[in-house]
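Okay, structure first, notes after.
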Amino acid sequence: MNPTGARALLDRLLRRIAPEVDLTGADPRAPLQDLFDLDSMDFLNLIAAVHEETGIDVLERDYPRLTTIDGFVAYLADRTPGPSRR
Amino acid sequence: MSLVRLATRPTIHKTAWPAGVVPNVVDYEATRATFSWEAARAELTGLPGGRGLNIAHEAVDRHAAGPLADKVAFRWIERDGRRRDATYGELRAATNRFANALRALDVGKGDRVFSLLGRVPELYVTALGTLKNTSVFCPLFSAFGPEPIHQRLERGDGRVLVTTPALYRRKVAPSRDALPALEHVLLVGGDAGGIDCTLAFDELLAEVSDELVIPPTDPEDMALLHFTSGTTGTPKGAVHVHDAVVAHHATGASALDLHPDDVFWCTADPGWVTGTSYGIVAPLTHGVTSVVDEAEFDAERWYRILQDERVTVWYTAPTALRMLMRAGAELARSYDLSRLRFVASVGEPLNAEVVVWGQEALGLPVHDNWWQTETGGIMIANLAGADIRPGSMGRPLPGVEVALLRRGPDGRAVVHGGPHGTVEVIEEAGVDGELALRPGWPSMFRGYLHDDDRYAMCFAGGWYLTGDVARRDEEGWLWFVGRADDVIKSAGHLIGPFEVESVLMEHPAVVEAGVIGVPDPVAGEVVKAFVTLRAGHQPSEDLRLDLLGFARKRLGPAVAPRDIAFDQHLPRTKSGKIMRRLLKARELGWPAGDLSTLEAAS
């Protein structure tokens, strides 16, 4: 997955979990939970959705790396997607 | 409809005391027999000169004036891992300043001071400084949306609000004009550029003295206001008084087993009652050091805090424990948790698997306990010095008298001879009944603000009716069964379906909504909404997401539904009320029960 694809994935998944969030113009280095009203359950749902869509298992210890837009994109772009369930 | 919970795991016997610390309560029966609230009150000092009882004096000033003055009271761990400490002496000075700042603003006794903040030092200074000024502290959860915040500020007559520029801009400013009673908004940190009609917290405190004599405080003076949700209507503001500190202190000893040298970590946010009673008051009255994490849940971070801060007593929630469980026991075992000696949990029933997982991962079983906003403090608990029955909420604490009351067709306790008449106490074991408490413990709520009727409805036959259903086993351990009403318990917080339904019905496409809790492996229950669309609107994924975003924007993630479904035939009673219980039965595939009061769903 390239960075553009990872960013599009984040857009798509967040739209499912927190449709009110608009990432346009958001600070890519700030924690998403600060920029928008997202709680721990939302974040867990985001991680679960990543797995569901891409087959990528995000390890618990890597969760903090996915909390910003830049972090999410870098993490996903680094990984080759596994077989998609969709 | 009840989710029956039975003893699925063997009793955990205590064979040795962890770290060699003898629990405060070892002989349960004897302690109960000799306990009195009068004696518990004598553990506190009261205001000097017999001027009454003030929570902040017991929590801060009496330690600051003695050998604990230089002991760390709070250690805040910032997001980036940096620590900030405040000793009892420093906390005394900072809270004196806040009380003096309130006085300078002409805010006095009984005036409501709200906070809408993360777990930053200013929140704790606001809480305790407000109490010193004999004003009333009302915490709001920062993950609430604008709607719940507005409702609570309005209903609670908020005169002062302490918040951040970002939270203010997003959640308060748009409707400030509709809150005429809100005179002062104090902003903490951040960039307040472009915000009118507010004051800077730091500047205000810098201008006033750090010396203060706490005014005379009657133990029955209002001290804390905690909002909670009911089945119908707006949220209820449960009023607590300064005398509550007697129960905070006593239960800190009995249920949390606090000893003077403990390092204590209560993970609850002070926006909820647990984070105030046990995240602020109880550890301070015991003179221990409390750890506060300013960040949100993260498994590795939490284990690191337990290890690095050498936490000895840990009070957390089932949702957090289940999330840790998902991360695996190996992760826990890669940290040195040897200082930990007691783990307790509250918020929703703790399933037996989690209690036992604690033994594997933390080396200690988890002790579940039970209480609610109205009780102000822990009422029923598994104790450090007693066996644990995994899955049970434990036994009544010393000073607490519990009964189970026979229930009627509506799920609530049957009351004979008018609304406050007599009730039927269930004597036999193994029978579901509404959990009831004998009034008289010091932290019992003294009313719902501006709502005497709803307060009166909570009592019958000399009992306070909790709205929870439980059963008792032969030896007296209590087991949670479910709610007697439609209130949803999600991640340890109560959510009123009516609040959520009302917001959904403000959407132009929605004519009606029914909201229930559906089981969730992590949160216990999550909120699910069923909506009926107005003529001319068609169900679609886009509309579903629009509704979800609409509800989240107004209610915030803590209250908004996680899932929304379309339903043009919501089940209703003959009088037209939506039957949430039937909606739930249908959703979960339960037998529907008595349908005689239902209109046929055509």
Side-chain angles (χ1 to χ4, degrees), chain A residues 8-72 74-76 85-86, chain B residues 79-80 118 141-146 164 166-167 170-171 190 269 295-301 303-304 317 319-320 322-328 330-331 334 490-491 493 520-523 526-527 541-560 562-564:
Chain A
L9 177 71
L10 179 62
D11 274 324
R12 202 162 63 239
L13 299 184
L14 272 184
R15 173 152 169 76
R16 229 156 71 190
I17 295 159
E20 76 282 7
V21 168
D22 180 3
L23 293 181
T24 318
D27 179 353
R29 281 183 300 265
L32 286 165
Q33 286 185 241
D34 286 357
L35 295 175
F36 308 102
D37 252 353
L38 299 174
D39 65 5
S40 307
M41 286 287 291
D42 293 328
F43 187 70
L44 279 185
N45 287 339
L46 178 68
I47 302 279
V50 166
H51 178 75
E52 215 175 279
E53 284 257 332
T54 67
I56 294 173
D57 257 325
V58 182
L59 296 175
E60 189 81 28
R61 67 168 53 89
D62 291 337
Y63 285 7
R65 295 171 57 187
L66 278 76
T67 51
T68 63
I69 296 174
D70 275 358
F72 185 96
Y75 188 88
L76 270 288
R85 282 211 244 140
R86 303 195 157 223
Chain B
R79 299 262 182 98
D80 60 8
F141 188 41
S142 56
F144 278 152
T164 65
L167 288 169
R170 211 158 61 204
K171 303 185 177 193
D269 189 281
E296 293 311 309
F297 174 86
D298 173 74
E300 286 200 87
R301 181 182 171 98
Y303 285 131
R304 205 162 46 236
T319 301
R322 288 188 208 115
M323 291 201 270
L324 290 175
M325 215 169 141
R326 280 165 41 133
E330 300 74 41
L331 186 64
S334 66
S490 183
H493 311 137
D520 178 87
V522 173
V526 293
V527 177
E541 183 60 8
D542 277 348
L543 178 56
R544 204 183 68 80
L545 292 174
D546 187 52
L547 287 170
L548 200 58
F550 178 84
R552 288 177 56 96
K553 247 196 303 211
R554 289 177 181 229
L555 294 165
V559 182
R562 303 275 173 187
D563 191 13
I564 295 179

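In this text the structure is predicted, and so the values were computed from the model without any measurement. Throughout, a chain's letter reflects where its sequence line sits, starting with A, and its residues are numbered from 1.
In terms of heavy-atom pairs under 4.5 Å with chain A, the best-connected choice from B:Lys553, B:Glu541, B:Glu300, B:Arg552 is B:Arg552.
In this structure, chain A has a heavy atom under 4.5 Å from the side chain of B:Leu331, while its backbone stays farther away. Only the side chain of B:Arg562 has a heavy atom closer than 4.5 Å to any heavy atom of chain A. In this structure, chain A has a heavy atom under 4.5 Å from the side chain of B:Asp520, while its backbone stays farther away. Interface remark: B:Phe144 contributes backbone atoms only to the contact with chain A (heavy atom separation under 4.5 Å).
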For residues 57-66 of chain A, dump all side-chain donor-acceptor pairs below 3.5 Å to protein atoms at least two apart in sequence or in another chain.
unit_1  : atom_1 : unit_2  : atom_2 : d
A:Asp57 : OD1    : A:His51 : ND1    : 3.1
A:Asp62 : OD2    : A:Tyr75 : OH     : 2.8

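For the pair A:Ile17 and B:Leu548, the tightest heavy-atom approach, listed with the atom from each and the gap, is O-CD2, 4.3 Å. When all heavy atoms are compared, the tightest approach of B:Gly549 to A:Pro19 is N-CG, 3.7 Å.
Note: B:Arg326 CZ to A:Leu44 CG = 5.0 Å, rounded to the nearest 0.5 Å.
Scored by the side-chain contact (heavy atoms from CB on, under 4.5 Å) test, B:Lys171 finds A:Asp37, B:Ile149, B:Leu167 as partners (sequence neighbours excluded).
Within the 4.5 Å cutoff, no side-chain heavy atoms of A:Thr67 are placed close to those of B:Glu296.
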